[in-house]
Amino acid sequence: RIQAAQRSFASQGGAGVIELTKTPSCGLITLRASTSWLTLSRTQVTQNGTFSIAFQVAPAAAGRSATISATAGTQALA
């Protein structure tokens with residue numbers, strides 16, 4: 001399960017947190033940002049439990065969009 005409290009940011013950028021819950025059946029979870037201006041505090045989760053994963057959005061002059069994807073083993077989660 002993955003949840004993000006904030007999904008949009010003003011032009012000055014900002015930071016947010018994703019809550020990720022990993023169960024034993026998930027195996028290794030790999031996180032990936034679709035662009036370089038969106039950075040993640042960690043890109044892999046190996047232990048079971050709920051984790052807060054911070055992310056940073058760089059400032060921009062124009063609107064844009066990006067995706068954070070999570071893969072458990074070989075199955076995409078979000």
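Glu19 and Thr50 form no side-chain donor-acceptor contact under 3.5 Å, judged by distance and modelled atom types alone. No donor-acceptor contact under 3.5 angstrom links the side chains of Thr30 and Thr71, judged on distance only. No hydrogens or angles considered: a donor-acceptor pair under 3.5 Å links the side chains of Ser25 and Thr23.
Taking 4.5 Å as the limit, every side-chain heavy atom of Phe55 sits out of range of all side-chain heavy atoms of Thr39.
Residues satisfying the side-chain contact (heavy atoms from CB on, under 4.5 Å) criterion with Ala66, sequence neighbours excluded, are Ser34, Thr35, Trp37, Leu38. Take Ser8 and apply the side-chain hydrogen bond (donor to acceptor under 3.5 Å, both in side chains) test, not counting sequence neighbours, and it matches no residue.
Rounded to the nearest 0.5 angstrom, Ile29 CD1 and Arg42 CZ are separated by 9.5 Å. The OG1 atom of Thr43 sits 12.0 Å away from the CD1 atom of Ile68 when rounded to the nearest 0.5 Å. Between the CD atom of Gln44 and the CG atom of Leu28 there is a distance of 4.5 Å, given to the nearest 0.5 Å.
Among all heavy-atom pairs drawn from Ala72 and Cys26, the shortest one is CB-O, 3.4 Å.
Gln56 places no side-chain N or O within donor-acceptor distance of the main-chain N or O of Leu40, the cut-off being under 3.5 Å. No donor-acceptor pair under 3.5 Å is formed between the side chain of Lys22 and the backbone N or O of Phe51.
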* Output, in order, the C-alpha distance, side-chain angles, deciding distance and verdict of side chain to side chain contact (heavy atoms under 4.5 Å, CB included) for Ile53 and Leu31. => CA-CA 10 Å; Ile53 299 168; Leu31 299 157; 3.2 Å; yes
* To do: I would like to know whether Arg64 and Val57 meet side chain to side chain contact (heavy atoms under 4.5 Å, CB included); could you show each step before the answer?
  => CA-CA 11 Å; Arg64 58 197 175 166; Val57 178; 4.0 Å; yes
